[in-house]
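Values in this document were obtained by computation on a predicted structure and should not be read as measured data. Throughout, residue positions are numbered sequentially from 1 according to the sequence presented.
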Amino acid sequence: PSLHPVRSASRRFPSVRIRSSTRALSATQWQCVPGGVTAAVSSSLSVRREGSWHLSRFSKLTPLKSTREIKMATLTTGADGGAGQRAPSRPPVTISSSFDAGNGEVVSVTTSGTTVVAQIKMTPEPFTDGTDKKCHMQWFYFKASNVRGLECTFDLVNAKEASFPDAWPGTWAVQSTDRETWTRAPTTYCTETGVLSISVSALDADTVWVAYFAPYSNERHHALLAECQAARERDGTSMCTVTTIGQSVEGRDIEVVSAGVGPAQCWIVARQHPGESMAEWWADGFLKRLLDKDDAVARAVRELATVHVVPCACPDGAVRGHLRTNAVGANLNREWGNTGDYEAPTAAKSPEILSILTEMKRTGCDFFLDVHGDEELPHIFLAGEAGIPKWSERHAELYRLTCETQKKMCPAFQVEHGYGNDAPSSANLAIAAASVANHFDCASYTLEMPYKDSYEMRDPVEGWSPQRCQRLGATMLDVLYEVVPYTRAAFPFGNGGIGDGLQSPPWVVAGYENPPSKQCWDTTPKK
């Protein structure tokens, strides 16, 4: 008989089908035991493979007369027909993070039967002097190989030393076997031991990738830029420019995509914090709609404004697998102005921000959005800048109008939960949105998305996902269409808002305090 590997529709293990050109086998029972792995052939003519044994080459099977007389059958393998060779043992489970955005150092891997426990340490980033005074650490991204059919637990043993340990409760990591579809993996956090445990099981694949959030790779970044550059109007003219405005500490380009002919200058900066990959997923969705020649709203926005988008402000940190900083430990969202005696931005520590700010000063800025992800809060929200010295009722109305419009466009967006508002004149002007709002006297906000999920509209399978980031990004075109006409209009605007008789909502007022949030997932270890 000849044997052919086939995929079973009902089990996760592959099988082997036996065929014979000389006689029917439907009434014959078979058993083969390669090195202790038992498989029986019934009238369905399939040999079940247990584990990851390769059963693709056989030269002989011993027929058994009946199921009642099942005995040990001799199985021979190999081209020379030598008898009694043992099938290869299962390869060991390996863990690696030696790839783009990878972070995770293997401490140990223990295997017992089909159970695997791997201990992994996150690698700290360079020390952040001048502002944060610490080594940041929270992003993880690694792959486990040779795990088909195994029950795996990945323990991040230094989770309590992370930048934001209070973010672990309610956090479920993501897993993928193709790096395109990312689903949530059951995760627990033990406050006593400080260990974050991620469970991955029942895999019908040899390799699984595990991450804090779905990564946005450097290769995908360049593919996005190429797609933008290729966008054409109906007459064949280019819809945008892709300009390199500077380079990072390690020499990677800082690119800005600019589109539109309108007088209003809108700037959007994503991924100042490199581990917040959801920010570039958001920029991906925004840019693809902005450059859609068939989208009426996008066309109207391009006529109202000139839109400048920096999809990834921290390419060094993104490639290195950092959460918060660039190659020399600078937290770029604290480099938009001086902090005490610490001068920023500088060519030595933060050339990325120096390049962006120089270009913004050249073009001017009427609307600014800094796109981020938040480790702790399971909400989507905008952070306003009520604490800047130039805050006024005009700023308050622009903020209210932006939030209310975004809420209409995306029901998962909300306004009650967030960071709260600074007290008057107490904003940190080294932070992008505050610095830009005060310097350009313009509408300027920070958009935050969750690593976890949107509590207002939960998805128990994927949580907050790349696709949802992209769709949220696309809705910002509707927000710009509504808000841009007011950005430099005379105040009050005459739209029935603040300044026209509407009382300011509490979440717009300086000093507003954020209410506590509930979590989407229970991460308490089971006793």
Side-chain angles (χ1 to χ4, degrees), residues 100-101 182 213-231 239-246 248 252-260 265-292 295 297-298 301-302 305-319 332-333 352-353 355-356 359-360 365 367-374 380 382 402 406 409-410 413 432-433 436 444-451 464-480:
D100 177 13
W182 294 85
F213 192 83
Y216 197 101
S217 70
N218 190 46
E219 178 58 33
R220 190 183 290 272
H221 167 80
H222 288 290
L224 174 63
L225 296 177
E227 184 176 349
C228 291
Q229 182 172 263
M239 295 181 72
C240 71
T241 60
V242 180
T243 307
T244 297
I245 58 174
S248 67
R252 294 183 176 88
D253 289 343
I254 306 300
E255 303 100 346
V256 58
V257 180
S258 300
Q265 300 294 317
C266 299
W267 274 85
I268 297 174
V269 175
R271 211 172 175 184
Q272 287 198 77
H273 293 152
E276 295 167 12
S277 54
M278 62 285 289
E280 194 159 5
W281 284 112
W282 183 100
D284 183 299
F286 176 85
L287 282 168
K288 287 176 179 175
R289 188 182 179 196
L290 175 67
L291 301 177
D292 183 350
D295 191 301
V297 173
V301 169
R302 296 196 305 271
T306 303
V307 183
H308 311 277
V309 182
V310 180
C312 182
C314 191
D316 292 352
V319 171
L332 296 187
N333 201 29
E352 303 90 346
I353 302 308
S355 300
I356 295 170
E359 188 66 11
M360 287 180 66
C365 184
F367 182 95
F368 178 77
L369 188 66
D370 186 20
V371 187
H372 285 262
D374 185 84
I380 307 164
L382 281 172
T402 302
Q406 180 65 90
M409 296 302 106
C410 178
F413 179 87
V436 171
S444 179
Y445 316 113
T446 303
L447 173 67
E448 295 285 356
M449 294 172 283
Y451 278 87
W464 189 246
S465 67
Q467 293 76 20
R468 297 172 78 185
C469 293
Q470 289 170 314
R471 291 186 177 94
L472 178 64
T475 66
M476 183 51 62
L477 272 297
D478 300 289
V479 176
L480 292 179

Review point. What are the two closest heavy atoms between S277 and A214, and how far apart are they?
Key: OG-O, 2.8 Å
Exercise for review: Measure from the side-chain N and O atoms of D253 to the backbone N and O of T244, and report whether any donor-acceptor pair falls under 3.5 Å.
Suggested key: no
Review point. M360 versus V436: any side-chain heavy-atom pair under 4.5 Å?
Key: yes
Check your understanding: Can you list the residues that meet the side-chain contact (heavy atoms from CB on, under 4.5 Å) rule with A313, with sequence neighbours excluded?
Key -> V269, Q272, V310, I356
Check your understanding: So, do W281 and Q467 sit near enough that their side-chain heavy atoms are less than 4.5 Å apart?
Key -> no
Check your understanding: Mind checking whether C469 and F213 have side chains closer than 4.5 Å, heavy atoms only?
Key -> yes
Point to revise | Contacts of W267 that satisfy ring pair (Phe, Tyr, Trp, His ring centres under 6.0 Å) - sequence neighbours left out | key: H308
Practice item. Compare all side-chain heavy atoms of L472 with those of Q406 and state whether any distance is below 4.5 angstrom. Key: yes
**Study point:** Over all atoms of both residues, closest heavy-atom pair of A305 and C266
**Key:** CB-SG, 3.8 Å
Check your understanding: Does the side chain to side chain contact (heavy atoms under 4.5 Å, CB included) test come out yes or no for H372 and N333, once each step is laid out?
Key -> CA-CA 10 Å; H372 285 262; N333 201 29; 3.7 Å; yes
Practice item. Using a 4.5 Å cut-off on heavy atoms from C-beta on, say whether the side chain of L290 contacts that of D295. Key: no
**Study point:** Donor-acceptor pair, side chain of R271 and main chain of P311, under 3.5 angstrom
**Key:** no
Point to revise | R289/D478 salt bridge by N-O under 4.0 Å criterion | key: yes
Review point. When rounded to the nearest 0.5 angstrom, what distance separates CG in L287 from CD in E280?
Key: 9.5 Å
Check your understanding: Which salt bridge (Lys or Arg N to Asp or Glu O under 4.0 Å) pairs, counting each pair once, include a residue from residues 465-477, with sequence neighbours left out?
Key -> D453-R468
Practice item. For the pair Y451 and E276, evaluate side chain to side chain contact (heavy atoms under 4.5 Å, CB included) and give the outcome as yes or no after the intermediate values. Key: CA-CA 8 Å; Y451 278 87; E276 295 167 12; 3.2 Å; yes
Point to revise | Heavy-atom pair of closest approach, residues D100 and V319 | key: OD1-CA, 3.5 Å
Review point. Does D370 offer a backbone N or O that forms a donor-acceptor pair with the side chain of T446 under 3.5 Å?
Key: no
Point to revise | Heavy-atom closest contact (G246 atom, S355 atom, distance) | key: CA-OG, 3.4 Å
Check your understanding: Quick one: are Y445 and L447 in side-chain contact, heavy atoms under 4.5 Å?
Key -> no
**Study point:** Evaluation steps, side chain to side chain contact (heavy atoms under 4.5 Å, CB included), between F286 and L369
**Key:** CA-CA 12 Å; F286 176 85; L369 188 66; over 6 Å; no
Exercise for review: Apply side chain to side chain donor-acceptor pair (under 3.5 Å) to D316 and list each qualifying residue two or more places apart in sequence or on a separate chain.
Suggested key: S248, R252
**Study point:** F413 side chain reached by V479 side chain, heavy atoms, under 4.5 Å
**Key:** no
Could you tabulate the donor-acceptor pairs under 3.5 Å formed by side-chain atoms of residues 222-230, not counting sequence neighbours?
none

Practice item. To the nearest 0.5 angstrom, please state how far the CG atom of L480 sits from the OG1 atom of T402. Key: 8.5 Å
Check your understanding: Rounded to the nearest 0.5 Å, how far apart are CD1 of I245 and CD of E359?
Key -> 5.5 Å
Review point. Donor-acceptor pair, Q470 side chain versus G285 backbone, under 3.5 Å?
Key: no
Point to revise | Test item: V371 and M449 side chains (from C-beta on) under 4.5 Å apart, heavy atoms | key: yes
Check your understanding: Would you say the side-chain atoms of N218 pair up with the backbone N or O of P315, donor to acceptor, closer than 3.5 Å?
Key -> no
Point to revise | Closest non-hydrogen atom pair between F367 and C365, with its separation | key: O-SG, 3.5 Å
**Study point:** Qualifying residues under side chain to side chain donor-acceptor pair (under 3.5 Å), relative to D292, sequence neighbours excluded
**Key:** none
